[in-house]
Amino acid sequence: MGGSTPGAGDAPGTGRPVPLSVPAGRWLVFTTVLGSAMALLDSTVVNVALPRIGLDLGADLAVLQWTVNAYMLTLAGLILLGGSLGDRFGRRRVFVTGVVWFALASLACGLAPNAGVLIAARAFQGIGGALLTPGSLALIQSVIHPDDRARAIGLWSGFGGIGAAIGPFLGGWLVDGPGWRWVFFINVPLAAVCVPVALRHVPETSNPRAHGRFDVLGAVLGAAALGLVTYALIAAPQKGASPAVVVPAVAGLALGAVFVAVERRLREPMLPLSIFSSHQFTAVNAVTLCVYAAFGGFFFLSVLDLQVVVGYSALVAGTALLPTTMLMLLLSARSGELGKRIGPRIPLTVGPLLCAAGMLLMTRAGVGAVYWRDILPALVVLGMGMVVVVAPLTATVLASVDVARAGLASGVNNAAARAAGLVAVAALPLLAGMGPEAYRSADAFADTFRRAMPICAGVLVLGAVIAWRTVSSSALEQAGPEPGAEAVAGPGVEAGVPEAEAGAEPRAEPAVAPEGAEVAARRAERPPCRPECTYHCGVGAPPLDPGEERPRT
C-alpha cells in the first residue's frame with residue numbers, strides 16, 4: 001500500500017498538499033465519500049430490513065436486537081483505537097484495510113444461513129467500520145490543500161447527507177425487491193470501486209508524533225463490559241432475574257470498573273480520563289448519552305412499528321422516515337450558526353424537548369394510522385428537535401477542550417453516542433415489556449411501542465435538564481476566537497482546567513509563556529476546517545472529527 005509519509009502530496013508520495021482542482025484531489029474526495037458511505041448506509045438500511053430478517057430466519061426479537069447491537073458493540077468499543085492505528089501506520093492503509101474488512105464481513109452477513117452466523121458477521125463488520133470511519137475525514141484534513149479543505153469537507157459532508165437521505169429508501173427497495181441479503185451485498189461492489197481508487201490516487205499520511213503502545217487492553221475491556229451488560233439486558237425478558245442474566249450483568253459492571261482503573265494508570269490510554277477534568281466536556285457528553293440513547297431506541301422500534309403495526313412495506317417504511325433526515329440535511333448549517341450567536345445552552349435544552357414531543361406524538365402511529373395525520377407531524381417535530389440540538393452539541397464538545405485534543409474529544413463523544421444507542425436498543429424492549437415474539441403481532445407490538453415512546457421522551461427531558469443546569473451559554477467563546485473557529489466551533493480550554501494536562505498545548509499568551517508567540521503563529525496559519533456537521537448531522541452518532549493537521553510542504 002506504499003510507505004507512510006508524514007504530510008500529503010498532490011500525487012502519491014510527493015509530500016505536497018493536494019488542491020481540490022486537480023484529479024488527485026477529486027479522486028480523494030470520491031473514495032472517502034464512497035468508503036464512509038458504506039458505514040453510513042449500513043446504519044440506516046439494516047433497520048428497515050429487521051422484520052424480514054426475523055421472519056426469514058425464524059428469529060425472535062432478541063436476534064433483531066443483536067443484529068443491530070453486534071455491529072454497534074465492536075464499532076463503539078474500537079473506534080478510538082481505529083483512529084490511533086491510522087495515525088501510526090498510515091491513514092490510507094488503515095482506511096483501505098477497514099473497507100476490505102467491512103466488505104468481507106458484509107458478504108458473510110448476506111450469506112448467513114442462520115441468526116448466529118449473521119450476528120457474528122455483524123460484529124466483524126463493526127471492526128471494519130471502526131477502521132474505516134475515522135480515516136475518511138482524516139485523509140481529507142491531512143491531504144487536501146488548506147485553501148480547499150473547507151470545500152472538500154463540504155462536498156464530503158454533502159454527499160454523506162444525500163447518502164443518509166436515500167439510505168432508508170434504498171434499504172426498503174432492496175428488502176422488497178431482491179431481498180434483505182442485498183442490504184449487505186451492496187457493500188461489496190462499493191468496496192470493489194473504493195479500494196483500487198484509494199491505492200492508486202490517495203497519498204499515504206501518518207502522524208509523525210504518534211508513538212508508544214496501543215491500548216489494546218483498554219479496548220478489549222471496554223467492549224467486553226458493554227457486551228456483557230448488553231447481553232444481560234437482551235436476555236432478561238426471556239430469562240428473568242436468573243443467574244444467566246445476573247452474572248453477565250455484574251461481570252459487565254465489574255469490567256467497566258476495571259476499564260476505568262486501567263485507563264487511569266496507563267501512560268498512554270485509549271481514553272485519557274483527564275479529558276473529563278473539563279466540566280463542560282463532561283456535561284455535554286452526559287447530554288449526548290441521553291440524546292443518542294433516545295434516538296437509538298426510537299429508530300430501532302419505529303421502523304418495526306411502521307411495518308408490523310401500521311402495515312407498511314419495507315420501502316414505504318423507509319421512505320416514511322425521510323422527513324427527519326431531510327430536515328437535518330437542509331437546516332444543520334443554520335442550526336450551527338444559531339448556536340454560535342446565542343450560545344449552546346438554549347439549543348441543547350430546547351432541542352431535546354422538541355424531540356421528546358415528537359416521540360410522544362409518534363404514539364399515534366398505531367393500527368390504521370394515516371401518514372399525513374398521525375405520523376408526519378411527529379417526524380417533523382422530531383426532525384426539528386434534532387436540527388436544533390445536534391450541531392450545537394458537536395460544536396460544544398469541540399469547544400470544551402484545547403484544540404490539541406479536539407480529535408480525542410470528538411472520538412470520545414462519538415463512542416459515547418454509539419454506546420448509548422447500543423444500551424438503548426438492548427434495554428428499551430425490556431423496560432417496555434416487549435416479549436420475544438412481540439414483533440410478530442400488530443396488537444402486542446402497538447401496546448409496547450406506546451409504552452416505549454414515553455420512556456425515550458423521558459430520557460430526552462433528562463438531557464434537557466442536564467443541559468440547562470450545566471452547559472454555559474458562553475461555552476463556544478471561552479477559548480476566544482481562533483482562525484477557523486467558525487469551522488471547529490472555537491475549541492479551547494475551559495476555565496479552571498490545567499492547560500498542560502495530558503499533552504494539551506498551552507494557550508497562546510505571549511505575555512506569559514515564551515512559546516506563546518509560536519503557538520499563536522501556528523494557529524493563525526491553520527486553515528478553516530469545519531466539522532461535517534456544519535453541512536449535515538448524522539442521526540446515528542455525532543460527526544467524528546480527527547482534529548486539525550496542517551500538511552507539511
Side-chain angles (χ1 to χ4, degrees), residues 38-39 41-79 81-82 85 97-133 171 174-175 179-188 190-191 216 219-239 244-245 247-249 251-252 255 296 300 415 418-419 421-423 425-426 429 436 439 540:
M38 293 170 59
L41 284 172
D42 186 86
S43 65
T44 56
V45 301
V46 172
N47 278 7
V48 178
L50 289 175
R52 200 67 58 85
I53 291 174
L55 293 174
D56 189 37
L57 298 181
D60 59 15
L61 183 64
V63 170
L64 304 190
Q65 291 172 279
W66 275 116
T67 300
V68 174
N69 277 354
Y71 174 79
M72 293 293 294
L73 176 62
T74 50
L75 179 59
L78 301 176
I79 197 165
L81 184 61
L85 289 170
T97 301
V99 170
V100 173
W101 190 307
F102 194 92
L104 292 176
S106 298
L107 182 62
C109 289
L111 296 174
N114 54 55
V117 174
L118 174 62
I119 292 169
R122 286 284 286 166
F124 278 98
Q125 201 180 27
I127 298 174
L131 294 175
L132 74 89
T133 300
L174 290 171
V175 171
W180 66 264
R181 296 180 185 275
W182 281 91
V183 167
F184 301 106
F185 288 151
I186 193 174
N187 292 321
V188 177
L190 293 177
V216 177
V220 171
L221 286 172
L226 278 174
L228 287 169
V229 171
T230 300
Y231 174 83
L233 291 170
I234 292 176
Q238 286 182 288
K239 301 180 180 180
V245 172
V247 172
L255 283 180
F300 173 71
R418 295 183 188 279
L422 167 77
V423 173
V425 170
Y439 82 98

Given side chains that start at C-beta, do those of [X] and [Y] come closer than 4.5 Å, heavy atoms only?
{"X": "V117", "Y": "L111", "answer": "no"}
{"X": "M72", "Y": "V425", "answer": "no"}
{"X": "W180", "Y": "L174", "answer": "no"}

Between [X] and [Y], what is the shortest heavy-atom contact and its length?
{"X": "L73", "Y": "G227", "result": "CD1-N, 3.4 Å"}
{"X": "C109", "Y": "A121", "result": "SG-CB, 3.5 Å"}
{"X": "G110", "Y": "R181", "result": "O-NH1, 2.8 Å"}
{"X": "I234", "Y": "A426", "result": "CG1-CB, 3.7 Å"}
{"X": "L61", "Y": "P429", "result": "CD2-CB, 3.9 Å"}
{"X": "G98", "Y": "L132", "result": "O-CD2, 3.7 Å"}

Exercise. Applying side chain to side chain contact (heavy atoms under 4.5 Å, CB included), run through L50 and V68 and close with a yes or a no.
Key: CA-CA 9 Å; L50 289 175; V68 174; 3.8 Å; yes

What distance do [X] atom [atom1] and [Y] atom [atom2] have between them, rounded to the nearest 0.5 Å?
{"X": "L64", "Y": "N69", "atom1": "CG", "atom2": "CG", "value": "11.0 Å"}
{"X": "D60", "Y": "Q65", "atom1": "CG", "atom2": "CD", "value": "8.5 Å"}
{"X": "R52", "Y": "L57", "atom1": "CZ", "atom2": "CG", "value": "12.5 Å"}
{"X": "L233", "Y": "L228", "atom1": "CG", "atom2": "CG", "value": "11.0 Å"}
{"X": "Q125", "Y": "L104", "atom1": "CD", "atom2": "CG", "value": "11.0 Å"}
{"X": "R122", "Y": "F184", "atom1": "CZ", "atom2": "CZ", "value": "5.0 Å"}

Quiz item: Within the side chain of R418, is there an N or O that forms a donor-acceptor pair under 3.5 Å with the backbone of T74?
Solution: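 Absent.
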
Exercise. Look at the rings of F102 and Y71 and say which category their plane angle falls in: under 30° parallel, 30 to 60° tilted, over 60° perpendicular.
Key: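 Ring orientation of F102 relative to Y71: perpendicular.
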
Exercise. Please say which of T97, I79, L81, L78 ends up in a side chain to side chain contact (heavy atoms under 4.5 Å, CB included) with L131.
Key: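 Of T97, I79, L81, L78, side chain to side chain contact (heavy atoms under 4.5 Å, CB included) with L131 is met by T97 alone.
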
Practice problem: Test side chain to side chain contact (heavy atoms under 4.5 Å, CB included) on T230 and W66 and set out the steps. | Solution: CA-CA 9 Å; T230 300; W66 275 116; 3.8 Å; yes

